[in-house]
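The structure appears below as structure tokens.
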Amino acid sequence: MSAVPEDHNQQLRLLEAILFASADPVGEEILQERFGAAVKVRDLLLELQLLYENRGVNLVAMGGRWAFRTAPDLGEYLRSETEVAAKLSRAAVETLAIIAYHQPVTRAEIESIRGVATSKGTLDILMETGWIKPGRRRETPGRPLTWVTTPHFLDHFGLETLRDLPGVEDLRAAGLLDSRPAVSNLPGLAEKATAEADG
Amino acid sequence: MSAVPEDHNQQLRLLEAILFASADPVGEEILQERFGAAVKVRDLLLELQLLYENRGVNLVAMGGRWAFRTAPDLGEYLRSETEVAAKLSRAAVETLAIIAYHQPVTRAEIESIRGVATSKGTLDILMETGWIKPGRRRETPGRPLTWVTTPHFLDHFGLETLRDLPGVEDLRAAGLLDSRPAVSNLPGLAEKATAEADG
Amino acid sequence: MTDSPSTDPFDQGPERATAGDGLPDAADGPALVLDIDGFEGPIDLLLLLARDQKVDLTRISILQLADQYLAFVETARRLRLELAADYLVMAAWLAYLKSRLLLPDPQEEEPSGEELAAALTFQLQRLEAMQGAAARLLKRPQLGRDVFARGAPEDMPVLETRVHDLTLYDLLKAYGDHKRRQMQSGPLRIAATELYSIEDAIRRMEDILGRLPNWTSLAAFLPPGWKAGGVRTRSALASTFVATLELAKSGRLELRQDGPFSPLYLRTPQP
């Protein structure tokens, strides 16, 4: 642990940085320990609090622990429909990946690729994310609905076009897919395999 | 969505609160949308940036996105409080640099520059850190996938744009950012490297 | 070029410095620690040798560099017979380059020795530049190490209502996992071999059986596209040989060989 700067202003800056970066409110005694007995942490805290008094962010003390919080009077501007980030299930992520790679793809095809039934909820959840939408109906008996990804999907994942999705060979080369043991490892075959893989 | 305060100082406070509350950088155009066309968000951002210039926390721009970050010079005092991130292998670091400076760049080009096959895990690890992603496919035979850096890469290394990569202009001027195979006549070198990578 | 990172002594990462300990001093002989594994490849080793000359890469002597590399690899080979093929390929190439540099240029339309040397210099410069860039990049203040983000972000979806923060990596990983499971589970699927099968050989021989009144060499029966050499050609030869034995056994083919290791001939049985 590096020592604490001697300069008063530097101490103030360090305190500011510590409180900013901390995930939880920091207890005053912990700060006092961090800065050493020679530094009056309480004075530093009060000075910093004054500095932020009329700002968009305030330094507040809660039961002896200190933290930055957005100013309460801004609440009306900051509040909005609060959506809690929900984690997608593994099935949903896999279904999304399969739609991305195999689109347009019907639900029956997704199930046949995944080898398990796809619950109705999975596609609903994915549709709520705005990443997939129904595509054209397949011109086969029963005219099943197909699923495709949306422009928002490309946007979210930072892809310009669907063609930029890495192919299976790219995934393998990147280490995202274990390579099958192949005859290609035999000398003399390797060059050929490469030529094919690299096209 | 709530309205925006009319008062300039209130707008500055709101911007401060929004940026302070977010751990990830916020895009300037998203802020502009939030504040509406009547507000010059860029001016507000620059004003806020100036306000925090010498503080323990700074407002920085990275690839058109803005975030508060602790001041770099305080790093030595803060570092001890967090665990040191896992060290990247030399191959990974070199590959990252090549992608950063040569992007968009194909795996074959990376290998030609390094003179050695890229092991499978390398791109995987770099992608997991969120620093690289697949770019567009190159419109050459085989349409190989290219790799590019992400906005998070800029954020992680505190770069405002790719032009701020250390020494990038000098390297370009010296012609060293040419990713074509230099010694195409080196028999077997390039082909061998790829063969092993795929083997 | 004076500001170029290649002359910046800070550009050498920590690994470089230690790896350099095992390097030969020009022709100082075998009193060196040889650790080929310490290098990422022949180019990497060459670059270290070039740095050892302690001059700008544009002014290194390619001849001297070639000599050092050849000496190093020769010594390494005596200690470790299994020296990676890459290093030997480079050695062969450098020996060739050396001869091109020493002898007058031939009239052929090939690049001259100087051109090849210049290309090699460029390759070394470029790799050095990238290693330097990597070191400089890592020296920048990094998020989570030197610079920190807001530790307690507040829920404030006023900007974007991003419900799911799935990354591209998560998506690709899911697909990769799915593909891998698909390959591992279910009925065992044996991937089509890239070698020439006996079944194929028998089918092919049967097709041309009726058209062989004269003794013809077995080598002439290799299927087109399988004659390039290597393991593929050997597999085609072996399968075709087994196929002829099978057909001879059932009396549909006659075989003749004039002596051990001499060519094998075959024809359709004469009535």
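Heavy atoms only: backbone and side chains are in, while hydrogens, waters and symmetry mates are out. Residue numbers begin at 1 in each chain, while the letters A, B, ... track the order of the sequences.
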Minimum side-chain heavy-atom gap [X]-[Y] below 4.5 Å:
| X | Y | result |
| --- | --- | --- |
| Y169(C) | D124(B) | yes |
| F157(B) | L138(C) | yes |
| L171(B) | M130(C) | yes |
| V147(C) | P72(B) | yes |
| R150(C) | L19(B) | no |

If I compare all heavy atoms of [X] with all of [Y], which pair ends up nearest, and what's the gap?
| X | Y | value |
| --- | --- | --- |
| E94(B) | L127(C) | OE1-CD1, 3.7 Å |
| D164(B) | R140(C) | O-NH1, 4.4 Å |
| I43(C) | G115(B) | CG1-CA, 4.0 Å |
| G175(B) | F122(C) | O-CE1, 3.3 Å |
| G167(B) | R136(C) | CA-NH2, 3.6 Å |

Heavy atoms only, distances under 4.5 angstrom: which of A100(B), A71(B), A173(B), A97(B) has the most pairs with chain C? Name it, please.
A97(B)
Region of [X] that comes under 4.5 Å of a non-hydrogen atom in chain C:
| X | answer |
| --- | --- |
| L165(B) | side chain |
| I98(B) | both |
| N58(B) | neither |
| F35(B) | neither |

Listed by number, the residues in residues 61-70 of chain B that come under 4.5 Å of chain C (heavy atom to heavy atom) are F68(B), R69(B), T70(B)
Would you compute the distance between atom [atom1] of [X] and atom [atom2] of [Y] and round it to the nearest 0.5 angstrom?
| X | Y | atom1 | atom2 | answer |
| --- | --- | --- | --- | --- |
| E128(B) | D170(C) | CD | CG | 9.0 Å |
| L143(C) | H152(B) | CG | NE2 | 6.5 Å |
| T167(C) | K133(B) | OG1 | NZ | 12.0 Å |
| Q131(C) | R114(B) | CD | CZ | 8.0 Å |

E139(B), CD atom: more than 12 neighbouring heavy atoms under 6.0 Å:
yes
Bottom line for L46(C): the part with an atom under 4.5 Å from chain B's heavy atoms is neither
Chain B contact via L137(C) - side chain, backbone, both or neither, heavy atoms under 4.5 Å
both
Top residue by heavy-atom pair count (under 4.5 Å) with chain B, among A118(C), A92(C), P141(C)?
P141(C)
